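What you are looking at is a predicted structure, and each value in this text was computed from that prediction instead of being measured. One-based numbering along the sequence shown.
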Amino acid sequence: MADAYFSFFTLFIIIPLALIAFLYFILRPRTVRIPIKNRHVFITGGSSGIGLALAHRAAAEGARVSILARSQKKLDEARNAVKLATGIEVAVFAADVRDYDAVKRAVEEAGPIDVLILNHGVFTALELENMELSEVKFTMDVNVIGCFNMIKALLPAMKTRKDPLPASIAFVSSQAGQVGIYGYVAYSASKFALRGLAEALQQEVIADNIHVSLIFPPDTDTPGFVEENKRKPEVTKIIAASSGAMKADEVAQKAIDGIKSGSFFIPCNLEGLALSIATAGLSPQRSLLMAFVEVVAAGILRIAALCFQWSWYDSIEKWHIQRKSSPQSS
């Protein structure tokens, strides 16, 4: 009886406590809190969808907000909407993130930035065979090169800011930046690229008290999402149906909360949390609790991931069989 008690005590008490102590010692970067109130939050793609919801949320929390997008008309509409809802006047800048000179002018005019949220992005859901290479290049230029342009433009001023409080650079990625999905070849490639950029950038700027985050929204109910669905392959719709869509303001709330806590990975729902744990890999982790969960749950979530892959490939196989056997295909 004593041996059984000792084994139970060792397995469920001593080993977990020892693991927690070890993780506390090795976790880097350390936990940080990033204030939003009375600080300058600059949001790209801020004229609609998640970006506009982020602007509303940041303004409501007392931030000085600037938004950047291509359309001056949409920017003006967004500014009016935020002013009506929060009473806060946001600054707007019309520029294409692919144009470094235009971005640099906007950043210089906006003044020192404490929190940069890189929310801009384009999406085309098509099989590679049916995509034009120009569409692939456009996706990569906006989603990836646009982020490089923004960061390159503002980093010198962010590094030399007088504000002693921590700063933040947050990328709005996607759950398609955690796992590749049928029909998302260009989009997933661009969003996966953001993880490599974020991980390397965090190492470069940590000494300047700048903290990097990756936000992973699922399908989100936005005007862009409606347009996406018009061209989305049938198989993609079948696979995506397993994950529910969120409201833009829900994603914005999760994103702002995650940025304030300095989280590197910011999932937006339960499925996103599981994906973040399953794909943690060599990413930094500030939370002792999440580090413990990642270590303990890694094997179980790998089994779950393989089950998802089985389901997806089964759907793809059935769809192709059905298409080949239909009268229209003959």
Side-chain angles (χ1 to χ4, degrees), residues 42-52 54 67-75 93-107 116-155 169-201 204 212-220 222-237 239-240 279 312 316:
F42 192 103
I43 304 165
T44 66
S47 63
S48 64
I50 294 174
L52 180 55
L54 285 165
I67 57 176
L68 179 144
R70 286 181 293 175
S71 170
Q72 184 66 54
K73 181 175 181 289
K74 288 185 177 180
L75 283 167
F93 300 91
D96 189 326
V97 292
R98 295 173 297 168
D99 184 341
Y100 175 73
D101 291 334
V103 162
K104 193 169 188 296
R105 286 193 297 271
V107 166
L116 171 66
I117 306 179
L118 296 160
N119 168 74
H120 63 271
V122 294
F123 175 58
T124 301
L126 280 176
E127 298 92 339
L128 179 58
E129 184 179 10
N130 297 323
M131 289 185 74
E132 298 294 335
L133 285 176
S134 59
E135 292 179 297
V136 177
K137 186 178 185 303
F138 178 62
T139 300
M140 299 303 290
D141 284 348
V142 173
N143 295 3
V144 183
I145 302 303
C147 289
F148 277 101
N149 286 342
M150 285 298 308
I151 296 166
K152 182 76 172 174
L154 73 83
L155 200 53
I169 298 174
F171 299 84
V172 177
S173 180
S174 166
Q175 287 184 359
Q178 296 172 287
V179 59
I181 299 294
Y182 185 106
Y184 285 24
V185 283
Y187 186 69
S188 280
S190 70
K191 293 301 186 178
F192 267 78
L194 295 184
R195 174 166 176 171
L197 168 54
E199 289 187 0
L201 181 66
E204 292 185 9
V212 177
S213 295
L214 273 169
I215 303 160
F216 296 113
D219 285 341
T220 305
T222 65
F225 181 60
V226 174
E227 291 301 313
E228 292 166 16
N229 281 329
K230 292 178 180 178
R231 298 180 69 190
K232 190 176 288 183
E234 192 62 33
V235 179
T236 307
K237 293 178 181 178
I239 293 173
T279 61
W312 294 340
I316 293 167

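For Ile43 against Gly51, the heavy-atom pair with the smallest separation is CG2-O, 3.9 Å. Of all the heavy atoms in Ala125 and Pro233, the pair that sits closest is O-CD, 3.1 Å. The minimum heavy-atom distance linking Ala153 with Val103 is given by the pair CB-CG1, 3.9 Å.
By the 4.5 Å heavy-atom criterion applied to side chains, Arg98 and Phe138 are counted as neighbours. Counting heavy atoms from C-beta outward, Lys152 and Asn149 have side chains that stay 4.5 Å or more apart. The shortest side-chain heavy-atom distance between Phe216 and Ser174 does not fall under the 4.5 Å cut-off. Asn143 has its side chain out of reach of Leu194: every pair of non-hydrogen atoms, C-beta onward, lies at least 4.5 Å apart. No side-chain heavy atom of Ser173 sits less than 4.5 Å from a side-chain heavy atom of Ile215.
Ala106 is linked by a side-chain contact (heavy atoms from CB on, under 4.5 Å) to Leu68, Phe93, counting only residues two or more places apart in sequence or in another chain. Contacts of Ala102 classified as side-chain contact (heavy atoms from CB on, under 4.5 Å), with partners at least two apart in sequence or in another chain: Ala95, Asp99, Arg105. Looking at residues two or more places apart in sequence or on another chain, you find a side-chain contact (heavy atoms from CB on, under 4.5 Å) between Ile316 and Tyr182, Val235, Ile239, His320.
Checking side-chain atoms of Lys191 against main-chain N and O of Val172 turns up a donor-acceptor pair under 3.5 Å. In this structure, the side chain of Ser188 does not engage the main chain of Ala186 through any donor-acceptor pair within 3.5 Å. Side-chain atoms of Asn119 come within 3.5 Å of backbone N or O of Gly45 as a donor-acceptor pair. Remark: side-chain polar atoms of Thr139 are paired, donor with acceptor, to backbone N or O of Glu135 under 3.5 angstrom. Here the side chain of His120 pairs no donor or acceptor atom with the backbone of Ala69 at under 3.5 angstrom.
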For Arg195 and Thr279, what are the C-alpha separation, side-chain angles and deciding distance, and is it a side-chain contact (heavy atoms from CB on, under 4.5 Å)? CA-CA 11 Å; Arg195 174 166 176 171; Thr279 61; 4.0 Å; yes
Pair Phe171, Ser213 - check side-chain contact (heavy atoms from CB on, under 4.5 Å), show working. CA-CA 6 Å; Phe171 299 84; Ser213 295; over 6 Å; no
Kindly indicate, with the supporting measurements, whether the criterion side-chain contact (heavy atoms from CB on, under 4.5 Å) is fulfilled by Leu197 and Val144. CA-CA 9 Å; Leu197 168 54; Val144 183; 5.5 Å; no
Set out, in order, the CA-CA distance, both residues' side-chain angles and the distance that settles side-chain contact (heavy atoms from CB on, under 4.5 Å) for Thr222 and Ser48, then state yes or no. CA-CA 8 Å; Thr222 65; Ser48 64; over 6 Å; no
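Rounded to the nearest 0.5 Å, atoms OG (Ser190) and CG (Asp141) are 11.0 Å apart. Distance check: Phe42 CZ to Met150 CE gives 4.5 Å after rounding to the nearest 0.5 Å. Here the CG atom belonging to Leu201 is positioned 11.0 Å from the CD atom belonging to Glu199, to the nearest 0.5 angstrom. Note that OG1 of Thr44 and CG of Asp96 are 11.5 Å apart. Values are rounded to the nearest 0.5 Å. Atoms CD1 and CD1, from Ile117 and Ile67 in turn, are 12.0 Å apart once rounded to the nearest 0.5 Å. One finds the OG1 atom of Thr124 at 11.0 Å from the CD atom of Glu132 (value rounded to the nearest 0.5 Å).
The distance between the ring centers of Tyr184 and Phe123 falls below 6.0 angstrom.
The environment of CZ in Phe148 is sparse: at most 12 heavy-atom neighbours from other residues, nucleotides or ligands sit within 6.0 Å.
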